[in-house]
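Beneath this line is the structure, given in structure tokens, with notes to follow.
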Amino acid sequence: MTTLAAAWTGHDTRLIIATVVAIAVIVVLITKVKLHPFLSLVLGSLVLGLTAGMPVDKLLKSFTNGVGSTVASVGILIALGAMLGKLLADSGGADQIVDTVLGKARGAALPWAMALVAALIGLPMFFEIGLVMLIPVVLLAAKRTGKPLMLLGIPAVAGLSVLHGLVPPHPGPLAAAGALNANVGVTLAFGLLVGIPTLVIAGPLFGKVAARLVPDAQPPERLIPERADTDKPRPSFAATLTTVLLPVVLMLAKALSDILLGKENQARKILDFVGDPLIALLAAVLVGMVLLGRPAGLDRARLSTVLADSLGPIAGIILIVGAGGGFKQTLVDAGVGDVITGLAKDANLSPLLLGWLVAVAIRLATGSATVATVSAAGIVAPLAATMDPSHSALLVLAIGAGSLFFSHVNDAGFWLVKEYFGLSVGQTLKSWSVMETLISVVAIALILPLSLLV
């Protein structure tokens with residue numbers, strides 16, 4: 001404490017106060033004023049810079065530079081991911097995955113099959129889109145098999161949530177990787193390594209507990225679909241799986257080549273190119289247009305419409321992530337990151353744990369996992385400057401894990417699950433909210449010891 005006090009200055013105090021005030025402004029604007037997170041982050045960034053004493057011209061330049069670099073690096077990837085997800089949905093490829101996996105699952109294997117379906121569909125899709133697609137499948141499976149709704153529902157939503165928080169190309173992990181200059185391929189590899197056991201615990205295993213906690217969950221009958229379009233042309237399971245896994249395989253191959261091959265190796269140069277997230281996702285979209293579009297009877301005009309329609313819903317996400325990048329750059333240029341770095345070192349606090357705690361605090365306050373991720377990444381970004389690729393990737397995952405902690409009434413996902421599953425607020429807290437907390441805690445419990453091994 002003596003060392004910390006000696007190193008502390010009035011300027012440091014002002015920066016910390018500015019950060020707290022800015023985050024408080026963002027929280028109040030989102031939760032109380034109900035202002036869109038994009039506008040809230042813009043205003044929070046201005047409050048941060050002015051309170052920290054930044055010159056106005058430097059403040060505006062910092063924010064716009066942060067927005068520009070973030071949208072340039074992450075926005076294009078989000079757009080490509082949205083296109084791939086829309087192709088999967090409109091071609092019937094998602095239905096093919098569901099029908100194939102669930103057709104081979106019986107009895108006790110059903111919850112595990114639900115988790116697998118969610119993981120496969122969730123790879124290229126954003127959380128809300130995947131949730132809207134998956135929940136009708138869960139409701140129909142529960143009705144036909146007579147299984148408790150929570151037994152099948154929790155593994156499905158857990159699969160989506162784990163991928164949303166830990167695995168690129170989802171917006172949160174991508175944005176955090178950009179802010180921390182982390183290798184996306186390495187982040188993906190560690191995300192899968194941490195995500196699989198996390199999904200097992202928070203999905204099928206916790207699903208059994210949730211079924212006992214909420215035994216009488218009954219969704220509205222009007223929400224339970226009947227699959228009337230089983231004869232509609234659609235791509236094969238192999239074609240769908242190839243398209244979904246292509247970007248994952250390419251990015252993982254790049255990550256492995258960076259570890260195993262020398263910089264001048266020709267194979268590594270090729271894999272570095274095709275495994276770049278931009279090229280990997282672009283390749284998946286182009287392959288999906290052929291492997292998914294043609295069997296479904298989508299001509300060129302229809303394919304163009306499908307791809308165009310995918311971009312509208314993600315405009316808000318790109319703006320939020322961009323404004324988060326502006327907030328991050330304002331934090332860095334104001335010098336807040338350096339103060340946080342000094343505090344973490346003096347307190348001997350693990351950067352991974354610090355990133356998780358900051359993300360938890362912002363998640364609890366704002367309800368938005370994406371806002372929590374981009375804001376926390378900005379606050380702890382200087383800690384990643386001296387990290388090797390493995391540990392900066394783990395810092396991305398720690399922040400992503402924190403961003404999932406205890407979804408409650410200020411989170412849109414909370415209300416989606418509540419309404420689709422026909423739950424009360426109390427039942428949603430006992431099932432969905434506990435599941436989200438379990439994902440967050442299990443993930444950081446795996447990340448911390450993993451950081452000691454790599």
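Because the structure is predicted, anything quoted here is derived from the model rather than measured. Heavy-atom basis, side chains included; hydrogens, waters and symmetry copies ignored.
Using a 4.5 Å cut-off on side-chain heavy atoms (C-beta onward), V434 and L429 make no contact. The shortest side-chain heavy-atom distance between V167 and P173 does not fall under the 4.5 Å cut-off. Counting heavy atoms from C-beta outward, M387 and P351 have side chains that approach closer than 4.5 Å. Considering only heavy atoms from C-beta on, D272 comes within 4.5 Å of D258 through its side chain. Using a 4.5 Å cut-off on side-chain heavy atoms (C-beta onward), M150 and L423 make contact. The side-chain heavy atoms of F206 and I201, taken from C-beta on, include no pair separated by under 4.5 Å. For the pair V184/M251, a side-chain contact is recorded, criterion being any heavy-atom separation below 4.5 Å from C-beta on. Considering only heavy atoms from C-beta on, V200 comes within 4.5 Å of W112 through its side chain.
Panel note: side chain S392, backbone A182; no donor-acceptor pair is recorded below 3.5 Å. Using modelled atom types, no side-chain atom of T373 and backbone atom of G400 make a donor-acceptor pair closer than 3.5 Å. Counting only distance, with no hydrogens or angles, the side chain of Q427 and the backbone of S424 share a donor-acceptor pair below 3.5 Å. Of the possible polar contacts, one joining the H408 side chain to the L364 backbone as a donor-acceptor pair under 3.5 Å is found. A distance-only check finds a donor-acceptor pair linking the side chain of R363 to the backbone of F405 [under 3.5 Å]. Put simply, the side chain of R14 gets close to the backbone of T51: a donor and an acceptor are under 3.5 Å apart. Between the side chain of S310 and the backbone N or O of L307, at least one donor-acceptor pair lies under 3.5 Å. Side chain of T100 to main chain of I97: no donor-acceptor pair is present (N/O by atom type, distance under 3.5 Å, no hydrogens or angles).
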Inset, instruction - Evaluate the criterion side-chain contact (heavy atoms from CB on, under 4.5 Å) for residue pair V285 and L281; output intermediate values, then yes/no. - result: CA-CA 6 Å; V285 171; L281 281 168; 5.6 Å; no
Legend entry - Worked verdict on V42 versus F327 for side-chain contact (heavy atoms from CB on, under 4.5 Å): CA-CA 7 Å; V42 173; F327 181 62; over 6 Å; no
Inset, instruction - Please report the C-alpha distance between I154 and S431 in whole Å, then the side-chain angles of each, then the deciding distance to 0.1 Å, and finally whether the side-chain contact (heavy atoms from CB on, under 4.5 Å) criterion is met. - result: CA-CA 8 Å; I154 288 296; S431 54; 4.2 Å; yes
Inset, instruction - Using the side-chain contact (heavy atoms from CB on, under 4.5 Å) rule, take S375 and L41 through it: C-alpha gap first, then chi angles, then the decisive distance, then the call. - result: CA-CA 9 Å; S375 301; L41 283 164; 3.9 Å; yes
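The shortest heavy-atom contact between A359 and A372 is O-CB, 3.6 Å. In plain terms, the two heavy atoms of G288 and L87 that are nearest each other are C-CD1, 4.0 Å. Nearest approach of T243 to A284, heavy atoms of both residues: CG2-O, 3.7 Å. Minimum heavy-atom separation, L163 to A118: CD1-O, 3.9 Å. Across all non-hydrogen atoms, the minimal contact from A323 to F38 is CB-CD1, 3.6 Å. Looking at every heavy atom in both residues, I26 comes nearest to G44 through CG1-CA, 3.8 Å.
Once rounded to the nearest 0.5 Å, the distance linking CG of D90 with CZ of R234 reads 14.0 Å. L383 contributes atom CG, which lies 9.0 Å from atom CG of L180 (distance to the nearest 0.5 angstrom). If you take CG on L199 and CG on L192, they are separated by 11.0 Å, rounding to the nearest 0.5 Å. Note that the NE2 atom of H391 and the CG atom of L397 stand 12.0 Å from one another [nearest 0.5 Å]. The CG atom of L48 lies 9.5 Å from the OG atom of S62; values are rounded to the nearest 0.5 Å. Rounded to the nearest 0.5 angstrom, L353 CG and I444 CD1 are separated by 6.5 Å.
With respect to K61 and D333, no salt bridge is recorded, no charged nitrogen being found less than 4.0 Å from a carboxylate O.
Between the side chains of W356 and S440, at least one donor N or O lies within less than 3.5 Å of an accepting N or O. Residues S161 and E436 have side chains that bring a donor and an acceptor to within less than 3.5 angstrom of each other.
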